[in-house]
Amino acid sequence: MTAFAPDTLLHRARTLSSGLILVAIIALASEFVSEHYGAPAMLLALLFGISLNFMADNPATVPGIEFCAKTMLRLGVALLGLRISYEMVTSLGWPVIAMVVGLVIGTIGFGLILGRLLGFTSYFAVLTSGAVAICGASAAIAISSALPKRDDAEQLLVFTVVGVTVLSTVAMILYPVLSAALAFDDVTAGVYIGATIHDVAQVVGAGFSVSDQAGKTAILVKLLRVAMLAPVVVLVALAFRASATPASGGERPPIVPGFLAAFVLLAVLNSTVTLPAILLTFAIESSGWLLLAAIAAVGVKTQPASILKVGRYAVIMIVAQTLFLALVVLGLLTFFPIL
C-alpha cells in the first residue's frame, strides 16, 4: 500500500525526471535527424548518448538513465510480441518457416565456433550471433538482458548494436542491387532481404526499394525471425544460468525473464483475439520509442574508449557472421528454390 502512496509516487517521479528528460531529448533528436537525413535512429540515439556520457556521473540524472536502460528496455521488447501472430507466421509457408528456424540455429552455431577460434567467450559470441540471426539491435538488447551480469556487459552491447546497425545500413543499399543482378523475382527478393538484413527498419527500406510485393514479403520474413527471439532468449538463459554462480560473483538470470513471458503472452493474444487496429499501432509505435530511449540511455552510460577495447577481431567476427547468413540464404534461394 505504501508503494502506491501519492507522495511516494511523486518522489519517485521527481527522482527519475532529470534522467527521463535527458533520454527523451536524445530519442526525439535521433528520430528527427533520422527522418530528415535517413540515418538509422538506433545508431543516432547510441552515438548522441555516448556524446553525453558525462551526464552518467550526475547524481540527478543517474536514476532516470538506469530506469530507461532497464525497465523501458524490457517493456519495449515485450511489446514486440504484438507484431507477431500465428496467421502471419503460417502465411509464409512451412518451407520458409523451416528455412528461417534453421538459419537462426545455424548462424548462432557458426558464431559460437568462430568465437572460439578467435578467442572470444561464448557470452560475446551468443550476443553478436543472436543479434545477426534474429533482429539486430532489439535482439542484442533482449539477449543481453538474459545473460549473466558482468563488468563489460554494456560495452559489448554497445559494440554489437553499432556493428549490426552499420551492417544493416550497408545491406539495405547492397542487397536490392544483388537481388536484381541475380534476377530474383519480387517474392524471392523479399525473402532474401527479410532473411538476411538485421534491423527491421532497414528491411523495410530495402524491401520497398524493390517493389511493394518484395517489401511486404520481406517484412513477413523479418517478423518470423523476430518470433524466434523468445525461444532463443530462453535457451540462452538456460545455457548461461549455470555459469552465474555465487562463487563467481554473478547473479543467476531467470529461466524465463518477465519481459520475455510478456512478449509470448502478447503474441498469443494477438493470435487469438482481433485487437483494435489503433491499439496495435499505438503498442508498436510505443515499442519503437521505448527501445530508442533504452539504447540512448545505454549510450549515455558508455565510456567511448571502452568500445575500442573490444578489438578488430570483434569486427571481423560480426562481419563474418553477417556474410555467413547472407551467403547461406543466397545459396538456398539459388540452388534450392523453396517458394
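- Shown here is Phe54, whose CZ atom has more than 12 heavy atoms of other residues, nucleotides or ligands within 6.0 Å.
- In this structure, OG in Ser145 is found 8.0 Å from CG in Leu157, a value given to the nearest 0.5 Å.
- Atom CZ of Arg116 sits in a sparse spot, with 12 or fewer heavy atoms from other residues, nucleotides or ligands closer than 6.0 Å.
- Side-chain contact between Tyr123 and Val236 is absent, with no heavy atoms from C-beta onward closer than 4.5 Å.
- Ile193 approaches Ala218 most closely through the heavy-atom pair CG2-CB, 4.1 Å.
- Annotation: the span from Ser18 atom OG to Asn58 atom CG amounts to 7.5 Å, rounded to 0.5 Å.
- A donor-acceptor pair under 3.5 Å links the side-chain atoms of Ser17 to the main chain of Arg14, judged by distance alone.
- Residues Leu229 and Ala139 approach most closely at CD1-CA, 3.9 Å, considering heavy atoms.
- Two residues are said to be in side-chain contact when any heavy atoms from C-beta on lie closer than 4.5 Å; Ile105 and Val101 meet this criterion.
- For Phe32, the ring pair (Phe, Tyr, Trp, His ring centres under 6.0 Å) partners two or more places apart in sequence, or in a different chain, are His36.
- Taken together through direct or relayed side-chain contacts under 4.5 Å among Ile, Leu, Val, Met, Phe, Trp and Tyr, Leu20 and Phe48 form parts of separate hydrophobic clusters.
- The environment of Leu279 atom CG is dense: over 12 non-hydrogen atoms of other residues, nucleotides or ligands sit within 6.0 angstrom.
- A distance-only check finds no donor-acceptor pair linking the side chain of Thr160 to the backbone of Ala140 [under 3.5 Å].
- Between Phe324 and Phe110, the ring-plane angle classifies as parallel under the 30° and 60° cut-offs.
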Is there a side chain to side chain contact (heavy atoms under 4.5 Å, CB included) between Leu80 and Leu291? Walk through the geometry before answering.
CA-CA 10 Å; Leu80 285 176; Leu291 291 174; 4.2 Å; yes
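- In this structure, CD1 in Ile316 is found 11.5 Å from CG in Leu323, a value given to the nearest 0.5 Å.
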Any chance you could lay out the side chain to side chain contact (heavy atoms under 4.5 Å, CB included) test for Gln202 and Thr165, step after step, and finish with the verdict?
CA-CA 9 Å; Gln202 281 84 337; Thr165 305; 4.2 Å; yes
Assess whether side chain to side chain contact (heavy atoms under 4.5 Å, CB included) is satisfied between Met72 and Val23, documenting all intermediate values.
CA-CA 11 Å; Met72 281 191 174; Val23 170; 5.6 Å; no
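- If you take CG on Leu290 and CG on Leu75, they are separated by 5.0 Å, rounding to the nearest 0.5 Å.
- The two residues Lys301 and Ile65 make their nearest non-hydrogen contact at CG-CG2, 3.5 Å.
- Val233 places a side-chain heavy atom less than 4.5 Å from the side chain of Ile143.
- The backbone N or O of Cys68 lies less than 3.5 Å from no partner atom in the side chain of Thr71, so there is not a single donor-acceptor pair.
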Please step through side chain to side chain contact (heavy atoms under 4.5 Å, CB included) for the pair Leu114 and Phe120, ending with a clear verdict.
CA-CA 8 Å; Leu114 182 62; Phe120 289 108; over 6 Å; no
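- With Asp152 contributing its side chain and Gln155 its backbone, the two residues share no donor-acceptor pair below 3.5 Å.
- Between the side chain of Arg225 and the main chain of Gly194, a donor-acceptor pair closer than 3.5 Å is present.
- Rounding to the nearest 0.5 Å places CG of Leu82 at 11.5 Å from CZ of Phe282.
- Looking only at side-chain heavy atoms (C-beta outward), Thr217 and Asp186 stay at 4.5 Å or farther from each other.
- Listed here is the closest heavy atom pair of Leu79 and Ser286: CD1-CB, 4.1 Å.
- Pairing each heavy atom of Ala171 with each of Pro176, the nearest pair is O-CD, 3.7 Å.
- Atom CD1 of Ile113 sits about 10.5 Å away from atom OG of Ser129, to the nearest 0.5 Å.
- Taking the side-chain hydrogen bond (donor to acceptor under 3.5 Å, both in side chains) definition, one finds that Thr281 meets it with nothing, sequence neighbours left out.
- With Lys222 contributing its side chain and His198 its backbone, the two residues share a donor-acceptor pair below 3.5 Å.
- When the shell of 6.0 Å around CD of Glu87 is examined, it contains 12 or fewer heavy atoms from other residues, nucleotides or ligands.
- In this structure the side chain of Phe159 reaches within 4.5 angstrom of the side chain of Val315, judged on heavy atoms.
- In this structure, the side chains of Leu330 and Phe184 come closer than 4.5 Å at one or more pairs of heavy atoms.
- Shortest non-hydrogen contact noted between Ile26 and Ala45 is CG2-O, 3.7 Å.
- Residues Met42 and Asp199 form no side-chain contact, since every pair of their non-hydrogen atoms from C-beta on lies 4.5 Å or further apart.
- Between the side chain of Ser287 and the backbone N or O of Ala283, no donor-acceptor pair lies under 3.5 Å.
- Residues Met228 and Ile108 are not in side-chain contact: their nearest non-hydrogen atoms beyond the backbone lie 4.5 Å or more apart.
- Proximity of a side-chain donor or acceptor of Thr196 to a complementary backbone N or O of Tyr192 within less than 3.5 Å is detected.
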